[in-house]
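This report concerns only the one structure given below.
Convention: sequence-line order gives letters A, B, ...; per-chain numbering from 1.
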Amino acid sequence: ENSLLRQVSSLLRRLPAIESVKFQDDFL
Amino acid sequence: EEQVLVIREKLAELYESEQQWSKAAQMLSGIDLDAGIRMLDETYKLSKCVQIARLYLEDDDAVNAEVFINKASFLVSNSPHEVLSLQYKVCYARILDLKRKFLEAALRYYDISQIEKRQIEDELIDEEALEQALSAAVTCTILAAAGPQRSRVLATLYKDERCSKLKIYPILQKVYLERILRKPEIDAFSEELKPHQVTNIVLTFQILFSRMKSNFILQQKALLPDNFTVLDRAMIEHNLLSASKLYTNISFEELGTLLGIAPQKAEKIASRMICEDRMRGSIDQVEAVIHFEDVTEELQQWDHQIVSLCQALNDVLDGMAKKGL
Amino acid sequence: MDIEQKQAELIEQFVSRAENLRGGSLANVIVEATSHPSLFAFSEILSVPSVAELQGTEYSVYLDVLRLFAHGTWSDYKSNAGSLPPLQPDQVLKLKQLSVLTLAETDKVLPYDQLMQQLDVSNVRELEDFLINECMYAGIVRGKLDQLRRCFEVQFAAGRDLRPEQIGSMLQTLTTWLNTSENLLLSIQEKIKWADTMGELDKKHRKEIEERVEDVKKTL
């Protein structure tokens, strides 16, 4: 199923969900 | 009184035939609708008030027109004449429009555009007129200042499939989707409001006014205190908000190029929007850069990202289930 | 995943057309598909038998074009331009859009310099206009442009057609996800248990204290 594979491939790149200095501070 | 009334009406008719609208209105305004020997019936009073308002509006005199529309507002609710109440609605929408209460005007134009009847008393209502009212609603919404209520009206118009047939639809779509409008698109939109549109934006309801001058052209040309036209300002503010969705930060030089305006102009409007809390961000004048801030906090953004990831995962699982995998 | 929904119908159309065509007319369909503004997936068309049969014929270059659009980038095209037919402007645009998706497969932060080099773009304005109009507004990526750091932060990128060798690493990533999720669930359950226990202890302790207070009151 090419369409599903493409969706999974896109999904795998959703993590890490957010990468920013400000987020690290807020998260800590 | 009777003779005076007849003479005034006759004179007003002559002034109107010479398109001396305000003179005709002043002539009729001299008719004492309230006191006087014989009590004039409500319908007569209502029709006079609406007629005087319409005449003043022909000269884009919203102030005097509003005086008579306010008088009419006490009479219109009891009037059985749909024709008169429709004329009242159009006048009121025009007055709001002239007074740059664009969102209120848009709602009233939209209300007018939704008239279902194609015949009211002995008057026909043609599709084109309804389409003009709808187009006027879209134009006013676009000219209105950005904010949650405008977003709601935009959503309503965007979802109204009648709008997809309007020439103005591509602009509506970009404004609704918060996309940047490029200079050629803005110029095209501005052209839409040019003189030839005056006749087109005329609400050509036969029951309404034979000729009703659209004031969009005035609005569009009217210079605001900061020397921007209404259209300029609406477009630049929209584009700034759209840019804030795309950029973390941008130099004013680049922002000016992106929006097709001078960097100083961009900075001026951006700073005002930030002060009025209509856009989140900060301006570094030394670097000549604007830093946009997300309305949502980082942790919330993180949550949103996780939610959309889980949603995407669900979509994949649903897709697999659908395909029997 | 609305990009997949949008193009699902298109894929079906092109596949059913391709199945019934041969030779030159099939080559035209390939050019049409690789020019269509809303199509970014080509594996399904590639797997149509009549398309594979182009191999070794005078139209095999169109099979190469289709493979290029399924998995390749603008740089790949440039390095093989001699053996491929000239691309039309719509195809060039699409291949550049697909190149952004490929770059987004490996990094979530794409430097402007890398993008400009990969896409043959000469200035920031042109690059940003491309990313805004042809990528973000086309719905294939979502993200933020950072002029100061001169980079494009990708939040979402549509998936491109997968090469067979990519499946392994996908499985690896999914397995890691699964393990991490299970460990996360376990540690959340432990935390819940710990919280419950602490709650119980806290309640017991509070009860003892209250009893002792009562005793003292009685004594007094």
*Where do D113(C) and R150(C) come nearest, in terms of heavy atoms and distance?*
OD1-NH2, 2.8 Å
*For chain A, find which of Q166(C), Q7(C), E105(C) contributes the most heavy-atom pairs closer than 4.5 angstrom.*
E105(C)
*No-hydrogen, no-angle side-chain donor-acceptor test under 3.5 Å, Y112(C) and Q147(C)*: no
_Counting only non-hydrogen atoms closer than 4.5 Å, does L101(C) touch chain A with its backbone (N, CA, C, O), its side chain (CB onward), both, or neither?_
backbone
_Residue Q155(C) versus chain A: region with a heavy atom under 4.5 Å_ = backbone
*Return yes when atom OH of Y62(C) has more than 12 non-hydrogen atoms of other residues, nucleotides or ligands closer than 6.0 Å, and no otherwise.*
no
*Is there a donor-acceptor contact under 3.5 Å linking the side chains of S43(C) and D161(C)?*
yes
*Could you go through the side chain to side chain contact (heavy atoms under 4.5 Å, CB included) check for L63(C) and L46(C) one step at a time?*
CA-CA 8 Å; L63(C) 180 54; L46(C) 254 181; 3.7 Å; yes
*Give, as side chain, backbone, both or neither, the part of A104(C) having an atom under 4.5 angstrom from any heavy atom of chain A.*
both
*Examine whether an atom of A158(C) lies under 4.5 Å from a heavy atom of chain A, and if so say whether it belongs to the side chain, the backbone or both; otherwise answer neither.*
backbone
